[in-house]
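Below: one structure in structure tokens.
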Number of protein chains: 2
Amino acid sequence: MKKEMPSCPVEVTLMLISNRWNVLIIRDLLEGTKRFGELKKSINGISPKVLTANLRAMEENGLLTRKVYPEVPPKVEYTLTDIGYSLKPILDDMVVWGTEYKRKIKKTTK
Amino acid sequence: MKKEMPSCPVEVTLMLISNRWNVLIIRDLLEGTKRFGELKKSINGISPKVLTANLRAMEENGLLTRKVYPEVPPKVEYTLTDIGYSLKPILDDMVVWGTEYKRKIKKTTK
DNA sequence: CGGAATCCGACGGGATACTG
DNA sequence: CAGTATCCCGTCGGATTCCG
């Protein structure tokens, strides 16, 4: 079973995106539906096990949907739900902040 | 030594806030300077070891400053830097998103 | 192709006791 | 008061191999 839902909203958000890969997966899926292999390729260095684990967790949390096509060879597509997509502003903010941070830290430490 | 700085801005941001406590610490310090004991009390359930570890890491990352008063009994104050404080918008977004998420999920699963 | 299975190490974190 | 010092544990993630 999954973890408890914290009462604090910040913790809730963190619970969903605070691991190493989830945000990067979301980032990729913001461009649109993708297949397992596409995700694996575009997310540099993730192992299939970890990718699967993260995708399943995110599915369970309602951030994305998994669609299996009963074909040979198999085909599985992942798509963000509306809830998942609504994280976009936060991701955008993180891009901005991260960029700024790198700039400032460089000045500070150099 | 600390971790490598990722090139991707999102990863940079995540590196700094993706653990269980850092965001909550920032959240507390957004109200203003606080002492070790105050943080420990207001952050529910954190152990002194972990709190120390996180504070030191955040200090090293330039998110906050640590000020020691050479008194007996000791007094140590923690204050956000400008960089640390600039995370506020993201935290605010996380509050909003987390609140929405809880609302929507309740509808879905119930 | 999209995983599942296995093994394994590292790290974050928890509880508790102790100290300058 | 503000930490250290231990010890211990669980989870995440990495690498690799195998399967339907």
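Within every chain, numbering begins at 1; the chains are lettered A, B, ... in the order of the sequence lines, protein sequences first and strands thereafter.
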- Query: Can you tell me how far C1' of C:dG12 sits from CE of A:M15, to the nearest Å?
  - Reply: 18 Å
- Item | Distance in angstrom units between B:E71 CD and D:dG3 P, rounded | 13 Å
- Atom CG of B:N19 and atom C1' of D:dC12 are separated, to the nearest Å, by 14 Å
- Message: Please pick, from C:dG2, C:dA4, D:dG3, the nucleotide with the shortest atom-to-atom distance to any side-chain atom of A:R56.
- Response: C:dA4
- Item | Nearest-nucleotide pick for A:W21, side chain only, options being D:dG13, D:dG3, C:dG3 |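 Out of D:dG13, D:dG3, C:dG3, the nucleotide with an atom closest to A:W21's side chain is D:dG13.
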- Note on the structure: Closest to the side chain of A:N54, out of C:dT16, C:dG14, D:dG13, is D:dG13
- Message: Starting the side chain at C-beta, find the nucleotide from D:dA15, C:dG2, C:dG13 nearest to A:S47.
- Response: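 From the listed options, D:dA15 comes nearest.
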- Hey, are B:S18 and A:S18 close enough side-chain-wise for a donor-acceptor pair under 3.5 Å?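 Checked: A:S18/B:S18 side chains show no N/O donor-acceptor pair below 3.5 Å.
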- At under 4.0 Å, does any side-chain N or O of B:R20 touch on OP1 or OP2 of C:dG14?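 Yes, B:R20 has a side-chain N/O under 4.0 Å of OP1/OP2 on C:dG14.
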- Kindly give the heavy-atom pair with the smallest separation between A:P74 and A:R35, and that separation in Å. O-NH2, 3.5 Å
- Electrostatic pair A:K104-A:E100, nearest N-O below 4.0 angstrom: yes
- Counting just side-chain N and O atoms, does A:R35 come under 4.0 Å of either OP1 or OP2 of C:dG2?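 Checking C:dG2 against A:R35, a side-chain N or O does come within under 4.0 Å of OP1 or OP2.
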- Item | A:E77 CD to C:dG3 C1', straight-line distance once rounded to whole Å | 16 Å
- Under 3.5 Å, side chain of A:D93 to main-chain N/O of B:P89, donor-acceptor pair present?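 Side chain of A:D93 to backbone of B:P89, a donor-acceptor pair under 3.5 Å: no, none is there.
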- Task: Could you check how far OH of A:Y78 sits from C1' of C:dC1, rounded to whole Å?
- Result: 11 Å
- Message: Using only modelled atom types and a 3.5 angstrom limit, is any donor from either the side chain of A:K49 or the base of C:dG3 paired with an acceptor on the other?
- Response: no
- Would you mind telling me which of C:dG3, C:dC1, D:dT4 lies closest to the side-chain atoms of A:P73?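 Comparing C:dG3, C:dC1, D:dT4 against the side chain of A:P73, the answer is C:dC1.
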- Query: If you pin B:V76 and A:P74 to their nearest nucleotides in DNA chain D, which one's is more 5'?
  - Reply: B:V76
- Query: Got a second to check how far B:L63's CG is from B:L29's CG, nearest 0.5 Å?
  - Reply: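 Output value for this atom pair is 10.5 Å.
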- Task: Quickly work out the A:L39 CG to C:dC1 C1' distance and round it to whole Å.
- Result: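 After rounding, the reported distance stands at 13 Å.
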- Message: Could you tell me how far apart B:I25 (CD1) and D:dA2 (P) are, to the nearest whole angstrom?
- Response: 15 Å
- Query: Rounding to a whole Å, what distance do you find between A:L55:CG and C:dG3:P?
  - Reply: 8 Å
